[in-house]
Amino acid sequence: MKVLLPDGSDLSVHDGATAADVAERIGPRLAKAAVAAKVGNRVVDLSTPLAEGDQVAIITASTGEGLDVIRHSAAHVLAEAATRLYPGTKVAIGPAIKDGFYYDFEFPEPVGEDDLSRLSAEVQSLLGAALPFERREVTREEALALFADEPYKLELIRDLPAGATISVYQQGGFVDLCRGPHVPDTSRIGAVGLLSVAGAYWRGDSRNTMLTRIYGTAFPTKKELNEHLQRLEMAKQRDHRRLGRELDLFSFHDEGPGFPFFHPKGMRVINALLEYWRKEHLAAGYEEIRTPLILERTLWERSGHWDNYKDNMYFTVIDGVDFAVKPMNCPGGTLVYKAGQHSYRDFPLRMAELGQVHRHELSGVLHGLFRVRCFTQDDAHIFCLPEQVEDEVLGVIDLILRMYKTFGFDRVHVELSTRPSKSIGSDEMWATAESALAAALARAGLPYELNPGDGAFYGPKIDFHIEDVMGRSWQCATCQLDFAMPERLDLDYVGEDNQRHRPVMLHRVVLGSIERFLGILLEHYGGALPAWLAPVQAVVVPVADRHATYAAEVEAALGRAGVRVEVDLRSESVSKKIRDGEVTKVPYMLVVGDREVEQRSVSLRRRGGRKTTSYGLAEAAAYLADECRPPAVAPAVGSGA
RNA sequence: GCCGGUGUAGCUCAAUGGUAGAGCAGCUGAUUUGUAAUCAGCAGGUUGGGGGUUCAAGUCCCUCCACCGGCUCCA
């Protein structure tokens with residue numbers, strides 16, 4: 001019979017040949033590297049018998065699909081090791097995930113990090129044993145009998161749709177309910193490393209049993225595994241919590257869990273960031289407002305937050321009246337809107353607010369600046385006519401992409417979420433709103449993923465995810481249409497027809513949370529912020545005490561030019577001062593000694609650089625002022641504010 | 001919130017149930033240095049808080065707090 005290969009050619013093989021036979025026919029090297037095969041669109045075991053005309057592709061461990069297969073197989077081996085070492089262990093699920101795999105267990109005794117080395121040794125010995133993975137298809141009754149002692153597996157089997165093929169895989173003495181595919185035998189998994197132990201609810205539901213999850217990863221070779229472990233170590237070095245302490249940017253204290261404290265240097269970064277933010281927003285036609293942190297409870301009842309969000313809110317009583325600390329800025333923003341009358345001629349009205357919000361997050365989810373209980377949203381509310389929505393959304397998209405580009409976030413993943421089953425507003429409203437968002441995305445030429453039914457109950461939204469240098473994805477910007485708030489808080493404007501109408505409200509953030517965005521930037525740049533954001537942009541290093549006067553002159557000249565500059569007057573060696581400057585990621589260092597004093601120059605060194613350049617003092621000030629200049633903003637829009 | 005782990009000097013870490021230490025940072029002094037750590041001295045602690053066991057607790061037990069890794073990528 002003949003099968004088709006990915007390059008379009010066909011290959012004659014004997015009847016009943018398997019995918020493994022095909023790999024063997026193509027070449028012994030491929031046969032050795034093969035871990036699974038793809039027949040048509042299905043990823044299957046190498047032992048799968050083929051049929052005439054099948055499209056066959058061999059999957060090796062070095063591809064994404066191949067990695068998934070070896071990791072999934074590694075998860076089974078981990079489960080076997082766990083059940084051998086801890087008799088009575090119940091197994092739950094063990095999928096391959098991005099960068100590795102996990103397996104969830106219910107152990108008869110507590111298992112912690114200390115047990116990883118024992119488990120790892122057991123896994124190694126199972127890998128060495130080259131145990132074959134054998135697939136078997138069973139009936140539902142057989143499956144139920146086979147896993148009679150495994151309550152989690154029984155639950156999974158019961159949830160399988162009627163008529164589904166139920167397959168089990170066995171390697172060594174371990175049988176697991178599994179769709180597959182798997183590698184031919186355990187020796188083909190390559191190198192396995194166990195990473196951590198964590199708690200995880202069965203099926204992710206906090207009402208269910210807490211299981212013990214063991215995370216691990218697998219790679220085709222030991223070398224690749226080690227490289228991955230090294231990357232993890234590098235990521236740890238880039239941890240923003242560590243950088244925040246080392247660079248003296250912010251701190252956390254027992255007295256305020258989840259509430260970050262920003263130090264002078266941290267505020268320099270934030271202020272530089274906000275200065276840029278304000279210029280972009282001014283150019284894009286926004287006005288800035290500020291609303292109070294604490295507002296009466298009745299407002300939150302009217303806005304709907306009381307019903308939908310009160311578990312996450314903080315409350316207080318003033319003069320016997322109930323107040324709430326704002327978890328969102330919109331109700332306050334609408335009060336500003338209502339402070340005056342509005343004509344359709346005023347629209348679009350773009351009101352931005354760097355609003356500090358407080359949200360009571362569960363103690364266990366707090367994580368540095370990434371998940372806090374108090375943060376600053378770079379919020380804005382745009383009030384406009386229905387027919388202006390598309391243009392406004394397009395403007396927001398432009399602003400978002402433009403600002404992301406400034407930080408090197410060129411890869412942006414966009415999602416459009418549409419009407420959920422539980423929602424308010426008329427069908428026409430939703431249809432108009434969704435098509436306006438889609439049309440804006442089309443006009444922006446942005447590819448996007450559709451999330452049907454994932455919108456907010458009051459309107460559809462567009463979410464923007466950015467990818468940092470380490471390939472991690474962060475949701476920052478969001479742009480949502482809101483029909484609820486204008487209605488609930490009774491907003492209106494006078495139209496061309498001299499009648500009162502409801503404005504459309506657009507709610508958006510670009511950076512999301514300033515605190516979280518700072519954390520992302522720190523990890524993205526590994527602490528080496530671009531000069532315009534650096535808390536200290538230049539350090540003047542006098543070679544000896546006799547150069548201190550000239551150093552002060554250099555400092556003054558740079559300071560006048562707008563550079564954040566310091567002088568290192570300590571009685572330390574030049575090498576030491578340079579080292580400290582490097583460790584604290586200062587972009588520029590200027591060494592001044594006898595030569596420079598005489599020539600009225602500086603010896604300029606860039607962060608991380610080996611070379612130095614000599615500049616005249618005035619020249620250096622002009623050069624550094626230019627290097628430290630905030631990014632250029634878009635030309636101002638004509639209309640709007 | 002829940003599971004597992006960790007809390008010792010500002011930071012990174014030592015210390016069989018038996019006198020709490022080191023390096024870095026800090027301070028003082030010496031040194032005056034030419035591009036990633038000059039030397040010496042000094043100071044620094046109710047071992048996260050509270051309770052208990054013990055002749056004796058950083059160490060063992062209980063409890064509270066904080067932090068770290070996680071908590072549907074579904075056989």
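The chains referred to below are lettered A, B, ... by the order of the sequence lines, with proteins before strands, and numbering in each begins at 1.
With distances taken from any side-chain atom of A/Arg579 to the nucleotides B/rC73, B/rA37, B/rG69, the minimum falls on B/rA37. Ranking B/rA75, B/rU32, B/rC67 by closeness to the A/Ala544 side chain, first place goes to B/rU32. When the nucleotides B/rU72, B/rA75, B/rC11 are ranked by their closest atom to the side chain of A/Leu160, B/rA75 comes out on top. Side-chain proximity of A/Pro95 to the nucleotides B/rC3, B/rC73, B/rA75 is greatest for B/rC73. Candidate nucleotides B/rU35, B/rA75, B/rG70 were compared by shortest atom distance to the side chain of A/Ser603, and B/rU35 ranks first. When distances run from any side-chain atom of A/Ile97 to the nucleotides B/rG69, B/rG34, B/rC73, the shortest one goes to B/rC73. Nearest to the side chain of A/Arg546, among B/rA36, B/rU33, B/rU35, sits B/rU33. In this structure, the nucleotide among B/rC67, B/rU35, B/rG34 sitting nearest to the side chain of A/Thr612 is B/rU35.
For A/Leu154 and B/rA75, the CG to C1' distance is 12 Å, given to the nearest whole Å. We find that OH of A/Tyr201 is positioned 6 Å from C1' of B/rG1, with the value rounded to whole Å. Between the C1' atom of B/rU32 and the CG atom of A/Asp568 lies a distance of 14 Å, rounded to the nearest Å. Computed from coordinates, the A/Arg245 CZ to B/rA25 C1' distance equals 13 Å when rounded to whole Å. Distance CG (A/Asp115) to C1' (B/rG4): 11 Å, rounded to an integer number of Å. Regarding A/Arg213, its CZ atom lies at a distance of 16 Å from the P atom of B/rG69, rounded to whole Å. One interatomic measurement links the two molecules: CG of A/Asp68 to P of B/rC74, which rounds to 11 Å at whole-angstrom precision. Per the geometry, CD belonging to A/Glu582 stands 15 Å off C1' belonging to B/rG34, to the nearest Å.
Take the nearest nucleotide of RNA chain B for A/Leu211 and for A/His367: the residue whose nucleotide is more 5' is A/Leu211. Place A/Arg595 and A/Asp239 on RNA chain B by their nearest nucleotides, and A/Arg595 ends up nearer the 5' end.
Remark: the separation of the C1' atoms in B/rG48 and B/rG10 is 16 Å, to the nearest Å. As rounded to the nearest Å, B/rA9 and B/rU47 have C1' atoms that lie 10 Å from one another. Atom name P, nucleotides B/rA57 and B/rG49: the rounded distance is 15 Å, in whole Å.
Base contact: A/Asp545 has a heavy atom under 4.0 Å from a base atom. Using a 4.0 Å heavy-atom criterion, one finds that A/Val365 contacts the bases of the nucleic acid, with or without backbone contacts as well. Note on A/Ser363: a base of the nucleic acid sits closer than 4.0 angstrom, heavy atoms only. Here A/Asp594 lies in heavy-atom contact (under 4.0 Å) with a base. Note on A/Thr209: nothing from the nucleic acid sits closer than 4.0 angstrom, heavy atoms only. Among the heavy atoms of the strands lying under 4.0 Å from A/Gly112 are primed sugar atoms or P, OP1, OP2 only; no base atom is included. Within the 4.0 angstrom heavy-atom criterion, base atoms lie near A/Ser571. Contacts of A/Glu596 with the nucleic acid, taken as non-hydrogen atoms under 4.0 Å apart, include base atoms. Here A/Glu572 lies in heavy-atom contact (under 4.0 Å) with a base. Contact annotation for A/Lys577: no contact, since no heavy-atom pair falls under 4.0 Å across all strands. Nucleic acid contact for A/Tyr215: sugar-phosphate only, since backbone atoms but no base atoms lie under 4.0 Å from a heavy atom of the residue.
Under the 4.0 Å criterion applied to side-chain N and carboxylate O atoms, A/Asp580 and A/Arg570 are assigned as salt-bridge partners. Under a 4.0 Å N-O distance rule, the pair A/Arg600/A/Glu553 qualifies as a salt bridge. Using a cut-off of 4.0 Å between Lys/Arg side-chain N and Asp/Glu carboxylate O, A/Arg546 and A/Asp594 are scored as salt-bridged. For A/Asp205 and A/Arg203, the salt-bridge test fails: no basic side-chain N is under 4.0 Å from an acidic carboxylate O. Between A/Asp176 and A/Lys153, at least one side-chain nitrogen of the basic residue sits less than 4.0 Å from a carboxylate oxygen of the acidic one, meeting the salt-bridge criterion. Note on A/Arg472 versus A/Glu467: no salt bridge recorded, every NZ/NE/NH1/NH2 to OD/OE distance being 4.0 Å or above. By the 4.0 Å N-to-carboxylate-O rule, A/Arg242 lies too far from A/Glu523 to be salt-bridged with it.
Distances shorter than 4.0 Å separate none of the side-chain N or O atoms of A/Arg570 from OP1 or OP2 on B/rU33. One finds a side-chain N or O of A/Arg241 lying less than 4.0 angstrom from the OP1 or OP2 phosphate oxygen of B/rC68. Considering only side-chain N and O atoms, A/Arg605 lies under 4.0 angstrom from the phosphate OP1 or OP2 of B/rA36. For A/Lys576, a side-chain nitrogen or oxygen approaches OP1 or OP2 of B/rA25 to under 4.0 Å. At B/rU38, one or more side-chain N or O atoms of A/Ser573 fall inside 4.0 Å of OP1 or OP2 (strictly under the cut-off).
Pair assignment for B/rC39: B/rG29, on the basis of Watson-Crick or G-U wobble contacts that are both within less than 3.5 Å.
For the residue pair A/Thr60 / A/Ser62, a side-chain donor-acceptor distance below 3.5 Å is found, with atom types taken as modelled.
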